[in-house]
Protein chains: 2
Amino acid sequence: MPLDRLAAMFKALSHPQRLKIIQKLCGCCAPGAACTTRADGLRCCAGDLGADLGLAASTVSHHLKELRQCGIMEVQRCGQRVECWINPAALGQLTAFLAGAVSMHPAATGGGHGRSKR
Amino acid sequence: MPLDRLAAMFKALSHPQRLKIIQKLCGCCAPGAACTTRADGLRCCAGDLGADLGLAASTVSHHLKELRQCGIMEVQRCGQRVECWINPAALGQLTAFLAGAVSMHPAATGGGHGRSKR
DNA sequence: CCTATGTTTCGATACATGTCGAAACATCGA
DNA sequence: TCGATGTTTCGACATGTATCGAAACATAGG
């Protein structure tokens, strides 16, 4: 995974509103899961996110685009609405980078340069 | 950990050059560790980083400030030079956030909303 | 076909970021 | 004290970002 792409993903997480979106989507559903009904309060269409965040629809759309373009989120048109969900694998790549870096660090448990590298 | 601080840390990681710095510093040393001598190629003073990245000294200084202000990196003047090193705990907080989010996700292994929540 | 609802695109505005070179600051060694 | 070396701050510039409202697009339902 090239550093440019990792940096782009980290950039998508570099805004509090987008972190809120992540949290909400992670407490939410895969597409087509049972919980996509609104009654559960778990539905993840763009408008609901905007209401939660107190942002204009256009601003939310902008944030979703950021998250989508770097692969952290995916969307699907579903009638009038656009449902969105997290791609956990993308977040996994970020964790892998961070964990990998720390494990190289001498302070890592088992600690020596490159021991248990990766 | 408030979202604002997490976002600030992610922002510090949102640039490829800064990720390179992280990688280099993680392959490097805690302050005062034996490997701070240059012979090992492991020394982490600002100038060496600049040479590696091909950036002007002032630009490197700017990047280090970013990483320092959000707690990801720490520095210490050591004679003429400024040695810098990673704070692994800060990276750990980012991993914790990501891992925590993913574990909430229905696709997480063991997978149901909030099962094995944290 | 028309209207209502939800989303995206467009244009504008204010602010932040990355980069450089020049100048200032800090420390060492003669 | 003076010069050499390393780092930071300053000013400038170009580019990117967050936000909004208005307008355009998409879909559902009468």
Between side-chain atoms of residues 2-11 of chain B and protein atoms elsewhere (two or more places apart, or another chain), which donor-acceptor pairs fall under 3.5 Å?
none

Take L94(B) and L13(B) through the side chain to side chain contact (heavy atoms under 4.5 Å, CB included) test and state the conclusion after the steps.
CA-CA 11 Å; L94(B) 299 182; L13(B) 299 183; 3.6 Å; yes
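- Look at CZ on R18(A): it is 9 Å from C1' on dA18(D), rounded to the nearest Å.
- Distance, L49(B) CG to dG18(C) C1': 17 Å, rounded to whole Å.
- As a whole-Å value, the separation of F10(B) CZ from dT17(C) C1' is 20 Å.
- Between D48(B) atom CG and dT5(D) atom C1' the separation is 13 Å, expressed in whole Å.
- Q80(B) has its CD atom 18 Å from the P atom of dC25(C), to the nearest Å.
- Side-chain nitrogen and oxygen atoms of K11(A) include at least one within less than 4.0 Å of the OP1 or OP2 phosphate oxygen of dT17(D).
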Identify all pairs in which a protein N or O lies below 3.5 Å from an N or O of nucleotides 19-21 of chain C, and state each distance.
from, atom 1, to, atom 2, distance (Å)
dT19(C), OP2, H63(B), NE2, 2.5
dC20(C), OP2, A56(B), N, 3.1
dC20(C), OP2, T59(B), OG1, 2.6
dG21(C), N7, S58(B), OG, 3.4
dG21(C), O6, S58(B), OG, 3.1

Show me the donor-acceptor pairs within less than 3.5 Å that the side chains of residues 63-74 of chain A make with the rest of the protein, sequence neighbours left out.
from, atom 1, to, atom 2, distance (Å)
H63(A), ND1, R18(A), NH1, 3.0

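- Electrostatic pairing of K20(A) and D52(A) does not count as a salt bridge here, judged by no charged N lying under 4.0 Å from a carboxylate O.
- In this structure, CG on L91(B) lies 11.5 Å from OG on S103(A), to the nearest 0.5 angstrom.
- Here the closest non-hydrogen pair linking A46(B) and V60(B) is O-CG1, 3.8 Å.
- For dG6(D), neither phosphate oxygen OP1 nor OP2 lies less than 4.0 angstrom from any side-chain nitrogen or oxygen of R77(B).
- In this structure, CD1 of I21(A) is placed 13 Å from P of dT7(C), rounded to the nearest angstrom.
- Distance CG (L64(B)) to P (dG18(C)): 13 Å, rounded to an integer number of Å.
- In this structure, Q69(B) places its CD atom 13 Å from C1' of dT9(D), rounding to the nearest Å.
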